[in-house]
Amino acid sequence: MQTVLITGGAGFIGQNLVHAWRAARPEDRLVVVDALTYAANLRSLEPLIAEGTITFVDGDIRNMTLLQRLFDEHRFLRVVHLAAESHVDRSIDDPGVFLQTNVLGTFTLLKTALDAWRAASLLDRARLLHVSTDEVYGSLDATDRAFSERSPYRPNSPYAASKAASDHIVRAYVMTYGLPALITNCSNNYGPFQHPEKLIPLMIIHALEGKALPIYGDGSNVRDWLHVSDHCAALMKVIDGGRTGETYNIGGDSERSNLEVVNLICEIIDCAFAADSTLGSRFPSCPAATGRSCRSLVSFVEDRPGHDHRYAVDISKLTVALGHTTTTPFEDGLTQTVHWYLQQENWWRDVTSGAYRAWIDRNYRRRGKVGESQPVAEKVD
Ligand code: NAD
Ligand code: TDX
């Protein structure tokens with residue numbers, strides 16, 4: 001049994017990791033710290049918080065006092081650091097908060113972990129896993145080799161630059177102070193609980209609502225899609241079996257252009273409507289409700305500034321060192337994901353309508369600004 005801190009555990013990957021960790025290692029004690037930004041969602045964690053099987057702390061990773069108290073109280077032996085601002089488009093509109101959370105927040109966590117583990121003589125037993133992105137390596141052309149752990153850093157968006165900076169600080173803490181940390185750089189995740197601002201959920205929801213499917217540029221940009229369950233399995237392998245100070249790339253071995261992804265989503269929705277007549281009455285604005293293809297909604301829009309052309313990740317180090325294999329073929333994972341959003345209409349409608357924000361403010365209202373937030377292991381109110 002060990003006590004594990006998961007930062008950003010109310011985000012998309014965080015929620016999936018909490019459930020995966022609970023299923024694989026029910027004896028461990030999980031503490032989630034999350035600032036409950038717009039990207040957070042506690043609905044899937046609510047039952048675990050209510051029954052006391054995880055501890056939830058409404059807090060900001062820039063708050064060193066809070067982090068020190070948590071390290072003192074829980075003596076974490078494992079930390080998985082996911083908390084971040086994660087959306088590239090938002091980083092273009094407002095880069096400041098990305099530097100604040102991704103760079104300064106990461107520094108605050110590293111310093112706190114080092115001090116706490118030194119003081120408790122835990123440096124030889126504890127481990128911190130910093131979860132980063134393949135975007136730090138920049139953009140590939142069609143014939144370039146996939147990113148390896150030795151690829152040079154060439155971040156192109158403020159988001160990618162902030163994650164690259166955080167990776168460098170982690171490395172410096174390993175090299176200079178001996179912090180037992182590891183880094184993973186993964187490709188685009190998809191699956192349940194992803195915020196509707198990201199490509200796959202956005203396209204599913206727009207199609208169901210009969211709205212335009214906005215493809216940036218000509219849709220030829222390529223991403224390497226990784227099902228979140230495969231990502232979580234890899235994270236658990238790396239934090240236990242990886243070598244401290246090392247970086248491991250995690251990818252899905254599923255390169256697809258954005259246009260291919262959107263066309264496939266349309267095909268899956270068209271087929272689902274053809275097979276289930278109730279969907280037409282639930283989503284009457286969807287073209288498939290009247291026998292037309294969702295592809296009729298595809299709309300090419302202005303490109304994202306600095307839009308990376310292609311990401312592809314070489315996972316041979318992870319495979320050889322830790323025996324990791326990707327188990328979810330993209331077409332299967334995407335079909336499951338479309339069906340998850342079809343079944344979880346209330347979940348995404350609450351997010352897109354703003355009703356969820358009101359719920360979270362009522363039930364988990366933050367009681368202070370950065371530097372003052374307090375833990376709420378139980379509901380406020
Ligand atoms: P997300 O945006 O869904 O979740 C991020 C979580 O961090 C949210 O719950 C948010 O409330 C929390 N958070 C933000 N600022 C915080 C702060 N200052 N203090 C405490 N909590 C804060 O992101 P995600 O998609 O789950 O990504 C998780 C991590 O994985 C991020 O570090 C991201 O860079 C990395 N990553 C994600 C992907 C992907 O495809 N989603 C790919 C590669 C790497
Ligand atoms: O409306 C859209 N139309 C569109 O064409 C959106 C939201 C996106 N796109 C394109 C841009 C990208 O080429 O789809 C691709 C995927 O876009 P996002 O879902 O915004 O992801 P991306 O920018 O690739 O970054 C994601 O993967 C790496 C995550 O958001 C990052 O957190 C992660 O590090």
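In each ligand, atom 1 is the first atom listed, and ligand 1 is the first ligand listed.
Residue R304 has at least one N or O atom closer than 3.5 Å to an N or O atom of ligand 2. Polar contact with ligand 2: absent for N221 (N/O pair, distance under 3.5 Å). Of the N or O atoms in V88, none lie within a sub-3.5 Å distance of an N or O in ligand 2. Inclusion of Y311 in the set of residues having an N or O under 3.5 Å from an N or O of ligand 2 is not warranted. Considering both main-chain and side-chain atoms, N258 comes within under 3.5 Å of ligand 2 through a nitrogen or oxygen pair. Looking at ligand 2, you'll find an N or O of R223 within less than 3.5 Å of one of its N or O atoms. Some N or O of Y159 is nearer than 3.5 Å to an N or O of ligand 2, by distance alone. Annotation: Q194 places no N or O atom under 3.5 Å from an N or O atom of ligand 1; distance criterion only. In terms of N/O distances under 3.5 Å, ligand 1 is not approached by E85. For S86, a nitrogen or oxygen atom sits less than 3.5 Å from a nitrogen or oxygen atom of ligand 2, counting backbone and side chain alike. Here's the thing with C186: none of its N/O atoms is less than 3.5 angstrom from an N/O atom of ligand 1.
The protein non-hydrogen atom at the shortest distance from atom 25 (O) of ligand 2 is E135 OE2, 2.7 Å. With respect to atom 26 (C) of ligand 2, the closest heavy atom belonging to the protein is N188 ND2, 3.4 Å. Protein heavy atom at the shortest distance from atom 19 (O) of ligand 2 is L199 N, 2.9 Å. Nearest non-hydrogen protein atom to atom 3 (O) of ligand 1 is F12 N, 3.0 Å. Counting protein heavy atoms only, atom 7 (C) of ligand 2 is closest to E197 O, 3.4 Å. Annotation: atom 19 (N) of ligand 1 to nearest protein heavy atom, I61 N, 3.0 Å. The closest protein non-hydrogen atom to atom 8 (C) of ligand 2 is Y216 CE1, 3.6 Å. Of all protein heavy atoms, the one closest to atom 28 (C) of ligand 1 is L82 O, 3.5 Å.
The residues D224 and R256 are annotated as not salt-bridged, no charged nitrogen and carboxylate oxygen being separated by less than 4.0 angstrom. Salt bridge R90/E85: absent, no basic N to carboxylate O contact under 4.0 Å. For the pair D89 and R304, the salt-bridge criterion is met [side-chain N within less than 4.0 Å of a carboxylate O]. A salt bridge does not link D270 with R295: every distance from a Lys NZ or Arg NE/NH1/NH2 to an Asp or Glu carboxylate oxygen is 4.0 Å or more. We find that D167 and K163 are not joined by a salt bridge, their nearest charged nitrogen and carboxylate oxygen being 4.0 Å or further apart. D240 has a carboxylate O that lies under 4.0 Å from a charged side-chain N of R25, or vice versa, which qualifies the two as a salt bridge.
Under a 4.0 Å criterion applied to the non-hydrogen atoms of I215, ligand 2 contributes the atoms 5 (O). Atoms of ligand 2 lying under 4.0 Å from any heavy atom of H307, numbered from 1 in the order shown and given with element: 11 (C), 12 (C), 13 (O). Atoms of ligand 2 lying under 4.0 Å from any heavy atom of T133, numbered from 1 in the order shown and given with element: 28 (C), 33 (C), 34 (O). Atom numbering of ligand 2 starts at 1 in the shown order; those under 4.0 Å from a heavy atom of H87 are 20 (O). Close approach of ligand 2 to K198 (heavy-atom distance below 4.0 Å) involves ligand atoms 19 (O), 30 (O).
Within 6.0 Å of CZ in R125 there are 12 or fewer heavy atoms belonging to other residues, nucleotides or ligands. No more than 12 heavy atoms of other residues, nucleotides or ligands sit less than 6.0 Å from atom CD of E302. Other residues, nucleotides and ligands contribute only 12 or fewer heavy atoms inside 6.0 Å of the CZ atom of R171.
Atom 20 (C) of ligand 1 has its nearest heavy-atom neighbour, among G11, S132, A35, A160, in A35. Taking only non-hydrogen atoms, the option from I250, V136, I13 nearest to atom 30 (O) of ligand 1 is I13. Of the candidates G191, A39, A84, G8, it is A84 that places a heavy atom closest to atom 5 (C) of ligand 1. Ranked by closest heavy atom to atom 1 (O) of ligand 2, the top entry among S157, P214, G219, S299 is P214. Of all the listed residues (S187, S86, A10), S86 holds the heavy atom that lies closest to atom 23 (O) of ligand 1.
Chaining together hydrophobic side chains whose heavy atoms lie under 4.5 Å apart places Y216 alongside V301.
Contact annotation for K163 and ligand 2: no heavy atom of the residue comes within less than 4.0 Å of the ligand. Contact annotation for K163 and ligand 1: only side-chain heavy atoms (C-beta onward) come within less than 4.0 Å of the ligand. At a 4.0 Å heavy-atom cut-off, ligand 1 does not touch N185 at all.
Taking D253 as the reference, nothing meets the side-chain hydrogen bond (donor to acceptor under 3.5 Å, both in side chains) condition, with sequence neighbours excluded.
Taking the six-membered ring for Trp and the full ring otherwise, W340 and W347 have centroids separated by under 6.0 Å. In summary, the aromatic rings of Y311 and Y137 are positioned with their centroids too far apart to meet the 6.0 Å limit. Residues H195 and F12 place their aromatic rings such that the two centres sit no closer than 6.0 Å.
Ring orientation note: the planes of Y153 and H168 are tilted relative to one another, at an angle of 30° to 60°. Ring geometry for Y177 against Y173 counts as tilted: the plane angle lies between 30° and 60°, on a 0 to 90° scale.
Looking only at distances, a side-chain donor or acceptor of S296 sits under 3.5 Å from a matching main-chain atom of S293.
Under a 4.0 angstrom heavy-atom cut-off, Y159 registers as being in contact with ligand 1. Proximity of D34 to ligand 1 is established by a heavy-atom distance of less than 4.0 Å. Heavy atoms of G9 stay at 4.0 angstrom or farther from ligand 1. Every heavy atom of G105 sits 4.0 Å or more from the atoms of ligand 1.
By the 6.0 Å and 45° rule, R43 stacks over the aromatic ring of W359.
The hydrophobic clustering, which links ILVMFWY residues whose side-chain heavy atoms are closer than 4.5 Å, places V222 and Y190 apart.
The only member of T328, T325, T326 that meets side chain to side chain donor-acceptor pair (under 3.5 Å) when paired with D230 is T328.
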